[in-house]
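In this text, all values refer to a predicted model and were calculated from it rather than measured experimentally. Only heavy atoms go into these numbers, but all of them, side chains included; no hydrogens, no water, no symmetry mates.
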Amino acid sequence: MHPMKVVIDTDRCQGHGQCAVIAPGVFAVGDDEKAHLLLLPGTEVPGCEEPTVDDAIAICPEAALSWMPE
Amino acid sequence: MALVTELDLPVIDLASAEYEADPYGTFAAARDRSWIARVGNGYGVLTHADAKAIFRHPDFRVSFNYVDRRYSEYLYQRSQSGLMNMAGEDHARLRSIASRALRSRFLDTLRAPMGEIIDGLLDQALEHEVLDLVAEVINPYPALVMAPILGVPFSDIPEIDRWASDSVAIFDITRIAKQAPRIEAAARGLDEFVRELVDDRRRNLGADVVSELIRAQEDAEKMSEGQLVMLAASLIPAALDTTRGQLGFTLESFARSPEQWAKLVANPDLAEKAVEEGLRYAPTVSGIPHAAVRYTSHNGVEFPAGTAVAIYPRSANRDPAVFADPDLFDIERDQSTQYTFGFGAHACLGAPVARIEMVEALRAMARRVASIELVGEVAHQPMSSNGNRLSLPVRITKAQAPVGGGNGPCTR
């Protein structure tokens, strides 16, 4: 298993909020109408959340989410 | 706070001659007064910021309540189980599976066949100097590209197109009342075709959207067979009517702004921005219907449960608070979010397909058409519905020789 970090492209993010619906343990939409990570800065996505983050990356209408390249 | 029914709001009559002649001007006059107008039996959101807020509002849901079960139990059940009528986590899960099927790796494989199809159409169309772009390009292209998308022969396309055209009539309240048996037959035909396609692809996975849905389903194990058929059957009509409509509006915008076409010819890499600007400037979508699911409020206005509130991209996309010179078609403008694909939970799932489909069409045309100019009356469906163009008579001049540029020579 590789350590996995997820990145939000805040320029692309428009705050649709779909990531927060499908992976509420990882993403939330802030008052700035942008997605934010609920994880501590720089930390990896817990293994149990990796499938839901995959879902979130797939569902984002703006393609604003991605796994950080290793 | 004031109850929406008690406010003195601008009134927009979508059936009026004024709106038909100038929908954007009608919206602009109302938007100068208020963020919300009375439209028909409900209300219309006019500003960009309030459109976004209603799309995101937890107490407003997308609401397509067109199928009365008295007309057809089959169509009623079909619409109830559709993605538009789902909400929350179940909906998000199913959507993410569908989104996986449309990821860019698959979409990129469609670019070459799309390019071949548009080039084939242009070979015929460009034999004439004056032509109807709707008949020659805008109508056939989105239908023909369904062949590579679905992985079916071109000979299947006319029947698929007929089913799709008839089945979208469920969104037309006047047609559903008069033509329920015909619409039901089309929906059944489409569903049966898709069920057989799914069976076939299960035995023989390929490079097409149904195979991609099956792969995504097997990855996720979260979607029933019925949901798989529903998704595949709903994307077909969604892909046809709307892409025709939007391509028509976008090409009309160019025909009315020859200097913008010249920009695109000089730099075909502007095709992606041009597609976005076409979506913003001239949306094929009229209202995106929502309803308040409980007593709620927004921006100082209270809404009783059940209040119908539609979002009008033709207004929000031209809000001067967000877009400088909003009534100018400018393919080089800095883009902000346009709402023609909707927004949020029910934003158009097929948007990435529609985008590359239109981008490939514009790229090919920019290579081969040096200039384009409107030469007659544009016939269209009423602007109170989608306003789809029925004819777009233009005079074109062909490009002298295939232009190389960054896109490689035209070798076909």
Side-chain angles (χ1 to χ4, degrees), chain A, chain B residues 48-49 51-53 55-58 62 83 86-107 212-213 215-217 219-223 272 276 316 322 334-356:
Chain A
M1 217 46 191
H2 308 290
M4 301 281 262
K5 291 181 188 171
V6 64
V7 216
I8 301 169
D9 181 337
T10 47
D11 287 339
R12 282 177 168 267
C13 175
Q14 299 293 333
H16 291 261
Q18 291 305 284
C19 52
V21 173
I22 206 155
V26 180
F27 303 97
V29 177
D31 291 341
D32 58 354
E33 300 192 348
K34 301 281 183 187
H36 294 269
L37 282 174
L38 296 175
L39 309 171
L40 291 172
T43 58
E44 288 148 19
V45 174
C48 62
E49 291 279 14
E50 280 178 20
T52 62
V53 171
D54 269 338
D55 284 344
I57 290 171
I59 203 175
C60 176
E62 309 291 341
L65 306 176
S66 56
W67 289 111
M68 186 182 286
E70 286 177 58
Chain B
H48 192 271
K52 185 168 187 174
F55 277 127
R56 292 166 48 88
H57 201 297
V62 167
L83 214 49
M86 296 176 69
E89 205 183 329
D90 286 347
H91 170 259
R93 190 102 21 225
L94 202 56
R95 239 187 106 94
S96 89
I97 294 173
S99 305
R100 279 159 197 258
L102 301 176
R103 58 196 144 191
S104 56
R105 205 174 337 131
F106 167 60
L107 296 184
E212 291 297 328
L213 280 169
R215 288 192 187 98
Q217 178 195 32
D219 280 355
E221 292 176 11
K222 287 166 195 153
M223 180 165 57
E272 285 178 14
E276 290 310 302
V322 177
D334 285 333
Q335 292 295 335
S336 296
T337 308
Q338 43 76 19
Y339 292 132
T340 306
F341 286 128
F343 187 85
H346 292 276
C348 175
L349 202 47
V353 187
R355 283 190 163 111
I356 67 159

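Among the residues in residues 15-26 of chain A, those with a non-hydrogen atom closer than 4.5 angstrom to a non-hydrogen atom of chain B are Gly15(A), His16(A), Gln18(A), Val21(A), Ile22(A).
Considering CZ of Arg93(B) and CD1 of Ile59(A), their distance stands at 9.0 Å, rounded to 0.5 Å.
Ranked by non-hydrogen atom pairs under 4.5 Å with chain A, the options Ala345(B), Cys348(B), Ala347(B) are led by Ala345(B).
Residue Ala58(A) comes nearest to Ser96(B) through the heavy atom pair CB-O, 3.8 Å, listed as atom of the first residue, atom of the second, then distance.
For a residue to count as touching a neighbouring chain, one of its non-hydrogen atoms must lie under 4.5 Å from one of that chain's; by this rule Ala351(B) does not touch chain A.
Within 6.0 Å of atom CG in Asp32(A), more than 12 heavy atoms from other residues, nucleotides or ligands are found, so the atom counts as buried in its surroundings.
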